[in-house]
Enquirer: 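Here it is: the structure, laid out below.
Atoms considered below: every heavy atom in the structure, side chains included; atoms not considered: hydrogens, waters and symmetry mates. Throughout, a chain's letter reflects where its sequence line sits, starting with A, and its residues are numbered from 1.
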Protein chains: 2
Amino acid sequence: MSVPLYEAKAELFRLLGHPVRIRVLELLQDGPKPVRDLLAAIEVEPTGLSQHLAVLRRSELVTARRDGSTVVYALSGGDVAELLRAARALLSAKLSGRHALLNELLEEETGQR
Amino acid sequence: MSVPLYEAKAELFRLLGHPVRIRVLELLQDGPKPVRDLLAAIEVEPTGLSQHLAVLRRSELVTARRDGSTVVYALSGGDVAELLRAARALLSAKLSGRHALLNELLEEETGQR
DNA sequence: TATCGAATTGCGAAGTTTCGCAATTGCGAG
DNA sequence: CTCGCAATTGCGAAACTTCGCAATTCGATA
């Protein structure tokens with residue numbers, strides 16, 4: 001094995017570790033979109049968006065095809081949605097953990113004493 | 001919402017984006033482990049491992065409890081396994097994509113011409 | 001063909017992460 | 001209490017990422 005699997009996983013996660021790239025992937029889940037639309041939906045300079053798109057292209061998470069004078073991006077194959085879903089689930093578990101703790105604290109306050 | 005959800009997701013992925021941290025999480029999936037065992041299983045200096053464990057602790061992906069002279073780490077709540085599984089699935093989809101392409105190329109070579 | 005707009009690339013400055021060394025903490029045994 | 005081992009923390013140097021500006025590419029339209 002030339003690249004151990006855990007290295008590949010780490011790299012995948014590292015690629016996902018930027019808000020603009022997350023936004024792009026989320027937007028592309030509703031189907032292919034021209035750069036123009038992404039640019040309108042995300043707060044970022046054109047040049048910055050291009051750079052993030054380049055990262056996603058190099059890692060083959062998205063594909064680009066030229067259509068006239070615009071470029072259209074799409075998710076390529078693999079189930080990115082699943083990953084994003086798992087991330088959301090984990091985050092909400094963490095937040096509701098906090099909530100539960102908060103409730104416990106409140107009970108203690110109001111209950112005895 | 002003080003921190004947009006996509007920022008939180010990006011941060012979560014960024015935290016996962018290091019081989020040592022991935023290894024730690026994978027190892028902890030089989031149950032709690034003392035630092036000593038992690039150290040034996042992963043190629044990393046003690047000081048480096050501590051630093052990565054600190055990152056995971058701060059982000060509350062793992063918890064640490066002291067037991068005598070050793071410290072035992074465990075996954076905290078949320079379903080990390082699910083995330084790692086999704087990552088593996090995505091990677092294998094990508095690799096088998098390549099495979100399919102490779103096969104196509106081979107067919108073209110040997111088929112006509 | 002010349003020019004316009006869309007998107008990308010090259011490049012340097014600023015910011016962030018990672019790594020190992022030295023110093024420190026916490027606990028148990030002698 | 002003091003020594004030794006396990007783990008952690010503080011800190012600085014090196015490596016990597018991100019950002020915006022200027023320059024470039026590519027296709028459409030006059």
Side-chain angles (χ1 to χ4, degrees), chain A residues 3-4 6-25 27-28 31-76, chain B residues 3-4 6-25 27-28 31-76:
Chain A
V3 171
Y6 58 85
E7 292 261 8
K9 280 188 206 164
E11 181 159 334
L12 172 58
F13 286 127
R14 200 159 43 68
L15 290 170
L16 296 173
H18 190 288
V20 168
R21 300 197 287 261
I22 293 289
R23 288 298 280 124
V24 167
L25 294 173
L27 289 165
L28 293 182
K33 294 224 177 322
V35 173
R36 190 169 358 84
D37 288 11
L38 298 173
L39 207 40
I42 308 175
E43 279 248 337
V44 65
E45 309 290 308
T47 186
L49 181 57
S50 267
Q51 285 168 144
H52 289 296
L53 289 172
V55 170
L56 295 174
R57 249 186 291 127
R58 261 178 256 130
S59 61
E60 308 186 38
L61 288 165
V62 305
T63 57
R65 77 184 145 76
R66 199 166 198 119
D67 178 14
S69 71
T70 77
V71 176
V72 177
Y73 278 83
L75 294 184
S76 64
Chain B
V3 172
Y6 59 85
E7 292 261 9
K9 281 188 206 164
E11 181 161 333
L12 173 57
F13 285 127
R14 201 159 43 69
L15 291 171
L16 296 174
H18 190 290
V20 168
R21 299 197 287 260
I22 293 289
R23 288 298 282 124
V24 167
L25 293 174
L27 288 164
L28 292 183
K33 294 223 178 322
V35 172
R36 189 168 0 83
D37 288 12
L38 299 173
L39 207 39
I42 308 174
E43 280 247 336
V44 64
E45 310 289 308
T47 186
L49 180 58
S50 267
Q51 284 168 145
H52 289 296
L53 289 172
V55 170
L56 295 173
R57 248 186 291 126
R58 261 179 256 131
S59 61
E60 309 187 37
L61 289 166
V62 305
T63 57
R65 77 183 143 77
R66 196 160 204 124
D67 179 15
S69 72
T70 76
V71 175
V72 177
Y73 278 83
L75 294 183
S76 65

Enquirer: Under the side-chain contact (heavy atoms from CB on, under 4.5 Å) rule, what do Leu16(A) and Leu16(B) come out as? Steps first, then yes or no, please.
Expert: CA-CA 10 Å; Leu16(A) 296 173; Leu16(B) 296 174; over 6 Å; no
Enquirer: Using only side-chain N and O atoms of His52(A), determine if any of them is under 4.0 Å from OP1 or OP2 of dC19(D).
Expert: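 For dC19(D), OP1/OP2 do have a side-chain N/O of His52(A) under 4.0 Å.
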Enquirer: Over 60° means perpendicular and under 30° means parallel, so tell me whether Phe13(A) and Phe13(B) are parallel, tilted or perpendicular.
Expert: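 Parallel: the ring planes of Phe13(A) and Phe13(B) meet at under 30°.
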Enquirer: Quick one: does Tyr73(A)'s side chain get under 4.5 Å of Val24(A)'s, heavy atoms only?
Expert: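 SC-SC contact between Tyr73(A) and Val24(A) ruled out.
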Enquirer: Nearest nucleotide by nearest heavy atom, which residue falls closer to the 5' end of DNA chain D, Gly17(A) or Gln51(B)?
Expert: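 With Gln51(B) and Gly17(A) compared, the 5'-side residue is Gln51(B).
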Enquirer: When you check the phosphate oxygens OP1 and OP2 of dT8(D), does a side-chain N or O of Tyr73(B) lie under 4.0 Å from one of them?
Expert: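 Result: yes.
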Enquirer: Rounded to whole angstroms, how far apart are CG on Leu16(B) and P on dT18(C)?
Expert: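 Nearest whole value for this atom pair: 12 Å.
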Enquirer: On the nucleotide dC19(D), are OP1 or OP2 found under 4.0 Å from the side-chain N or O atoms that His18(A) carries?
Expert: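 So the side-chain polar atoms of His18(A) do come within 4.0 Å of the phosphate oxygens OP1 or OP2 of dC19(D), strictly under.
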Enquirer: Taking C-beta and beyond as the side chain, do Val71(A) and Leu53(A) meet within less than 4.5 Å on heavy atoms?
Expert: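 No; the side chains remain at least 4.5 Å from each other.
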Enquirer: Go through dT8(C), dT8(D), dT17(C) for me and flag the one nearest to the Val35(A) side chain.
Expert: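 The nucleotide sitting nearest to the side chain is dT8(C).
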Enquirer: Which nucleotide, dT18(C), dC27(C), dA7(D), lies nearest any side-chain atom of Arg66(B)?
Expert: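 Looking only at side-chain atoms, Arg66(B) lies closest to dC27(C).
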Enquirer: Go through residues 43-50 of chain A and report each residue with a non-hydrogen atom lying under 4.0 Å from DNA chain D, sorted by number.
Expert: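 By residue number: Glu45(A), Thr47(A).
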Enquirer: Using the closest heavy atom to pick a nucleotide of DNA chain C for each, name whichever of Thr70(A) or Val20(B) lands nearer the 5' end.
Expert: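 Result of the comparison: Thr70(A).
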Enquirer: Could you work out, with salt bridge (charged side-chain N to carboxylate O under 4.0 Å, His left out) as the rule, every residue matching Glu60(B), not counting sequence neighbours?
Expert: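 Applying salt bridge (charged side-chain N to carboxylate O under 4.0 Å, His left out) to Glu60(B) gives Arg98(A).
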Enquirer: Once salt bridge (charged side-chain N to carboxylate O under 4.0 Å, His left out) is applied, do any residues pair with Arg21(A), and if so which ones, sequence neighbours excluded?
Expert: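 Partners of Arg21(A) by the salt bridge (charged side-chain N to carboxylate O under 4.0 Å, His left out) criterion come out as none, since no residue qualifies.
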Enquirer: Just N and O in the side chain of Arg14(B): are any of them under 4.0 Å from OP1 or OP2 of dT18(D)?
Expert: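 Checking Arg14(B) against dT18(D): no side-chain N or O falls below 4.0 Å of OP1 or OP2.
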Enquirer: Return no unless some side-chain N or O of Arg65(A) is found under 4.0 Å from OP1 or OP2 of dA7(C).
Expert: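 For Arg65(A), the contact criterion (side-chain N or O under 4.0 Å from OP1 or OP2 of dA7(C)) is not met.
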Enquirer: Looking at dA7(C), dT9(C), dC19(C), which one has an atom nearest to any side-chain atom of Arg36(A)?
Expert: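 The listed nucleotide nearest to Arg36(A)'s side chain is dA7(C).
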